[in-house]
Amino acid sequence: MRALRVFLMLATLPWIALSVGERRSVMWRGDSFAVEDAASHALVSPGGNFSCGFRKVATNAYTLAIWFTASADATVAWAANRDAPVNGRGSRAELRHDGSLVLRDFDGRVAWSTNTSDAGADRAELLDSGNLVVSDASGRALWQSFDWPTDTLLPGQPITRYRRLVSASARGLPYSGFYNFYFDSNNILNLMYDGPEISSNYWPNPFNKWWDNNRTAYNSSRYGSLNARGRFFASDNLKFNASDLGDAGVMRRLTLDYDGNLRQYSLDVSAGTWRVTWAAMSRQCDVHGICGRYGLCTYGLGGAPVCSCPEGFVGANASDWSKGCRREFDVRCGEDVYFAPMPAADYWGFDFNYTEALTFDTCRQICLDDCNCEAFGYKQGSGKCYPKIALWNGRLPDSKQVIYLKVPRRVQNLDPSVLRLGGHRCTVREVNANSSASYLLAAGSKLNFVYFYSFLAGLFVMEAIFIAVGYLFVFRADPAARRIRDEGYSLVLNHFRRFTYDELSAATSEFSEEVGRSASGAVYKGVLDDGRSVAVTRLEEVTQADEVFRSDLSVIGRINHMNLVRIFGFCSEHSHRLLVSEQVEKGSLDKALFADGEDGAAALGWHARYGVAVGVAKGLAYLHHECLEWIVHCDVKPENILLGADLEPKINDFGLVKLLSRRDERGRVLSRVQGTRGYIAPEWALNLPITGKADVFSFGVVLLELLRGQRVCDWEVDGGGGEALRMDFPRLVALLREETRDLQEAWLEEFVDARLRGDFSHPQAAAMLEVAVSCVDDDPGRRPSMNAVVQMLLSSQDVVPPSLRHASSPVPEISHMV
Ligand SMILES: *[C@@H]1O[C@H](CO)[C@@H](O)[C@H](O)[C@H]1NC(C)=O
Ligand SMILES: *[C@@H]1O[C@H](CO)[C@@H](O)[C@H](O)[C@H]1NC(C)=O
Ligand SMILES: *[C@@H]1O[C@H](CO)[C@@H](O)[C@H](O)[C@H]1NC(C)=O
Ligand SMILES: *[C@@H]1O[C@H](CO)[C@@H](O)[C@H](O)[C@H]1NC(C)=O
Ligand SMILES: *[C@@H]1O[C@H](CO)[C@@H](O)[C@H](O)[C@H]1NC(C)=O
Ligand SMILES: *[C@@H]1O[C@H](CO)[C@@H](O)[C@H](O)[C@H]1NC(C)=O
Ligand SMILES: *[C@@H]1O[C@H](CO)[C@@H](O)[C@H](O)[C@H]1NC(C)=O
Ligand SMILES: *[C@@H]1O[C@H](CO)[C@@H](O)[C@H](O)[C@H]1NC(C)=O
């Protein structure tokens with residue numbers, strides 16, 4: 001459980017320990033920090049107002065961001081990779097020796113880069129302005145975050161011809177949403193909804209000409225910026241002042257919020273909260289796209305906008321109002337229709353033929369004549385007629401106008417002026433008459449206000465709960481619980497270290513005792529200064545540069561599971577690459593399994609074999625799933641399964657693929673580890689992508705060998721007439737599949753290792769066989785996952801001694817939020 005706590009702390013509260021550790025504002029060439037140690041290694045501007053480091057955005061998803069140190073929720077001012085977060089383990093930010101500031105994902109892939117290679121960059125510095133600058137030795141800026149705004153402008157950071165602000169997709173999420181703040185082709189700063197179905201400008205008032213909006217289209221320099229005192233000025237003559245104008249000691253930001261409103265904020269440093277000092281839209285329902293297609297926006301509780309659907313429509317997605325409403329009827333061209341009125345409503349825009357001074361009947365006829373017309377708006381008195389081809393940007397109330405909705409005759413008595421506000425029905429008139437907070441407040445308290453306008457508020461709450469749970473785990477760690485060792489899952493960060501070559505040379509008496517060879521190279525026995533027996537492996541094929549090797553290993557070193565050989569550290573000096581791992585007492589499985597005892601009996605009894613099966617499955621499941629499938633072993637075979645003192649299995653060489661390969665951009669392993677004949681999945685031969693399912697295949701082969709006590713490639717079957725026959729593997733599998741379909745006790749007795757002399761558990765053997773057969777399926781998609789394998793094996797554990805009986809995974813299921 002301790003490990004779990006540590007994990008939760010790392011995963012949920014990366015910024016909790018900001019004050020700990022040294023503070024620095026500069027990274028020099030070669031400096032880096034990892035997502036795991038973000039807390040103490042984040043950059044902090046000299047004055048302390050801004051921080052730069054990794055920010056958690058969802059379960060195991062992180063961005064490299066700059067945030068306001070003093071704001072309570074660490075408000076983000078900029079993010080490098082808002083739409084492509086990196087993994088929560090193993091990711092690093094690094095000022096490479098070539099001068100590029102890069103963000104590398106867990107697999108070493110460059111997820112983001114400043115592209116300043118070979119330009120002489122020597123440092124990356126977080127300035128007091130909140131600007132992250134990569135500059136050369138003379139101080140010339142080669143790249144700066146101010147040139148790449150996300151959704152926020154800081155004082156001094158300009159909006160220009162080439163840059164735009166893009167809102168976040170929802171409260172608390174970093175991903176790009178649909179709202180844009182940018183200079184249009186007329187040189188005017190605009191707010192635009194740019195959704196998947198429509199785009200439309202909503203600020204400044206799109207109904208006006210630019211001169212009526214007090215802007216100018218004649219200055220093509222396209223430049224605007226906020227100053228420290230809260231005054232904004234742009235080349236199109238847009239200017240506005242913060243309500244607390246003049247105080248230069250206040251921290252400010254101009255943010256295009258997820259709800260499409262552009263707001264200026266000031267930070268109250270003592271409370272860590274933000275105060276709105278200016279907003280582009282005074283009426284939130286005038287923002288376009290807010291309630292999606294057919295949705296209607298009105299004001300509820302405390303003036304907050306609320307979306308609803310008219311009768312005849314249902315909300316397309318209760319948690320995402322930008323998806324709008326769905327029509328419950330369709331309108332076919334040419335069919336008999338009538339027009340159902342929605343008084344005091346408007347669906348702004350998408351008029352295909354706006355005309356004034358028309359009679360109601362003419363306007364109605366225009367809409368009737370055009371199959372694409374969904375409704376029309378009509379203003380009594382002025383005779384303004386707005387036939388509409390799409391119903392977007394709906395809002396209430398709009399005095400003087402009535403929307404007439406086209407409805408087929410077969411849908412009777414539809415009254416679209418009846419709204420569905422979260423299951424509650426009320427009329428447009430009621431809403432309008434009572435559009436004060438009190439009415440909706442009353443309605444809301446009666447019916448748990450599900451349609452309250454806050455996109456994904458639920459997710460946000462979940463995240464908050466998750467963080468709270470994290471706190472509980474962290475702070476309620478009582479000593480008793482700490483004493484209880486978990487089941488192999490622990491995230492030991494401090495025992496992994498770098499050794500010098502001399503140290504290892506001494507430990508192994510100058511590499512005198514070679515105890516074997518693994519796929520990676522010669523293995524030597526050694527004893528460390530502190531008395532630990534270790535195995536030292538000379539990685540003969542590893543040619544990685546020191547830094548790459550080190551960061552790959554820091555990932556491997558953090559893996560700790562009782563069924564995986566523990567890696568204590570490494571050495572990387574000159575051309576030497578060595579790995580220091582735990583010495584596992586009883587050698588590898590192949591020796592124990594395929595060797596005979598003195599009396600011809602099996603060296604490995606049934607309980608041990610079953611224990612090996614379960615343990616190896618757990619180790620692989622940990623590699624595949626707990627590590628988020630970033631490690632595929634690729635070479636599962638008895639030689640790579642070591643046995644500890646109590647015959648518990650430990651998988652060896654699991655880091656090899658990590659060291660010898662890279663993944664391509666589609667997550668496939670490009671590896672020089674080629675597996676071992678007899679254990680390799682067919683996809684190797686077919687040159688198909690290698691995933692964790694390749695290990696599942698190899699594991700299936702190992703299971704068969706555990707059952708049979710013989711290498712699969714040596715199996716002979718009775719070819720009839722007493723003639724022994726070697727079979728190729730696919731035919732063997734077909735035969736086994738046939739037998740397991742209707743498993744006979746006698747056949748099983750015959751099949752299982754004769755050296756056990758019948759001393760084995762039939763249900764367990766049957767379960768193992770069934771699992772094995774499903775694992776060696778030709779089609780990777782039909783093989784079970786390692787987690788499923790663990791479950792299947794454990795479900796027949798009843799007859800297993802208590803030592804093997806523990807839950808498969810103490811880590812609770814945590815749903816991904818992206
Ligand atoms: C940090 O912000 C405070 C206002 O909160 C301001 O007074 C101070 O000058 C800022 N420090 C620097 C170094 O910019
Ligand atoms: C760096 O270059 C890549 C590839 O051209 C590009 O996709 C990326 O946006 C660039 N990054 C920055 C910060 O300019
Ligand atoms: C434009 O400026 C004039 C004069 O200051 C003001 O009366 C008017 O309301 C402004 N128009 C807009 C759309 O802001
Ligand atoms: C255009 O805008 C820029 C930036 O605001 C300003 O410096 C310049 O004087 C303006 N040009 C004209 C002709 O107004
Ligand atoms: C903003 O403040 C300045 C200085 O006080 C003033 O001259 C200007 O008129 C104000 N602008 C607006 C749009 O209120
Ligand atoms: C509703 O929207 C959320 C967020 O966009 C999405 O995750 C979810 O799958 C959607 N639900 C349905 C039923 O479409
Ligand atoms: C728009 O309405 C006017 C008035 O009825 C009509 O003359 C004109 O043809 C219409 N235009 C289109 C494109 O439908
Ligand atoms: C408005 O709400 C009040 C109570 O909140 C209610 O008494 C009144 O009847 C409502 N008016 C209309 C027109 O529905």
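Remember, it's 1-based here, ligands and their atoms both numbered in the order they're listed. Side chains are part of it too, since the values below use all heavy atoms of this structure and drop only hydrogens, waters and symmetry mates. Along the sequence shown, the residues carry numbers beginning at 1.
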A.B. asks: On the 0 to 90° scale, with breaks at 30° and 60°, tag the H288-Y202 ring pair as parallel, tilted or perpendicular.
C.D. replies: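 The rings of H288 and Y202 sit tilted, inter-plane angle from 30° to 60°.
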A.B. asks: Any atoms of ligand 2 less than 4.0 Å from a non-hydrogen atom of S113? List them with their elements.
C.D. replies: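 Atoms satisfying the 4.0 Å criterion: 1 (C), 11 (N), 12 (C), 13 (C).
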A.B. asks: Among all protein heavy atoms, pick out the one at the shortest distance from atom 4 (C) of ligand 5; state its residue, atom name and that distance to 0.1 Å.
C.D. replies: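 Heavy-atom neighbour on the protein nearest atom 4 (C) of ligand 5: L245 CD2, 4.0 Å.
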A.B. asks: Please report which non-hydrogen protein atom sits nearest to atom 13 (C) of ligand 5, along with the residue it belongs to and the distance in Å to one decimal place.
C.D. replies: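 Protein heavy atom with the smallest distance to atom 13 (C) of ligand 5: K239 O, 4.0 Å.
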A.B. asks: Please check: side-chain N/O of D83 versus main-chain N/O of S176, any donor-acceptor pairing under 3.5 Å?
C.D. replies: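 Judged by distance alone, yes, a pair lies under 3.5 Å.
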A.B. asks: Checking a contact table here: which protein heavy atom is nearest atom 2 (O) of ligand 4, and how many Å away?
C.D. replies: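 The closest one turns out to be N219 ND2, 2.3 Å.
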A.B. asks: Does ligand 2 come near enough to N115 that some N or O of the ligand is less than 3.5 Å from an N or O of the residue?
C.D. replies: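 Among all N and O atoms of N115, at least one is under 3.5 Å from an N or O of ligand 2.
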A.B. asks: Check ligand 2 against W143 and write out every atom of the ligand that is under 4.0 Å from a heavy-atom position of the residue.
C.D. replies: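 Counting from 1, the qualifying ligand atoms are 13 (C).
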A.B. asks: What do you reckon, C297 and C291 SGs under 2.5 Å?
C.D. replies: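 Answer is no, sulfur atoms not closer than 2.5 Å.
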A.B. asks: Measure from atom 9 (O) of ligand 2 to the protein's non-hydrogen atoms and state whether any distance is below 4.0 Å.
C.D. replies: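 It does not; no protein heavy atom is within 4.0 Å.
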A.B. asks: Are D286 and R395 ion-paired here, with the side-chain N under 4.0 Å from a carboxylate O?
C.D. replies: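 Looking at R395 together with D286, the answer is yes, because their closest N to O distance falls below 4.0 Å.
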A.B. asks: Once salt bridge (charged side-chain N to carboxylate O under 4.0 Å, His left out) is applied, do any residues pair with D257, and if so which ones, sequence neighbours excluded?
C.D. replies: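 D257: salt bridge (charged side-chain N to carboxylate O under 4.0 Å, His left out) contacts with R263.
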A.B. asks: Quick one: does ligand 4 sit under 4.0 Å from the side chain of S221, the backbone, both or neither, non-hydrogen atoms only?
C.D. replies: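 Side chain only.
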A.B. asks: Using a plain distance cutoff, I'd like to know if W112 has any nitrogen or oxygen under 3.5 Å from a nitrogen or oxygen of ligand 2.
C.D. replies: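 N/O-N/O distance under 3.5 Å: no.
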A.B. asks: Ring pair (Phe, Tyr, Trp, His ring centres under 6.0 Å), that's the test. Do W210 and Y218 meet it? Break it down for me.
C.D. replies: CA-CA 11 Å; W210 53 259; Y218 296 139; 5.2 Å; yes
A.B. asks: So F68 and F50, would you call those rings parallel, tilted or perpendicular, with 30° and 60° as cut-offs?
C.D. replies: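 Geometry flag for F50 against F68: tilted rings.
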A.B. asks: Identify, for atom 12 (C) of ligand 5, the protein heavy atom at the shortest distance, and state residue, atom and that distance.
C.D. replies: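 Checked against all protein heavy atoms, atom 12 (C) of ligand 5 sits closest to N241 ND2, 3.2 Å.
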A.B. asks: Assign the ring pair F240 / W278 to parallel, tilted or perpendicular, where the plane angle (0 to 90°) is split at 30° and 60°.
C.D. replies: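 It falls in the parallel class, under 30°.
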A.B. asks: Which atoms of ligand 2 sit under 4.0 Å from any heavy atom of W148?
C.D. replies: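 Atoms satisfying the 4.0 Å criterion: 14 (O).
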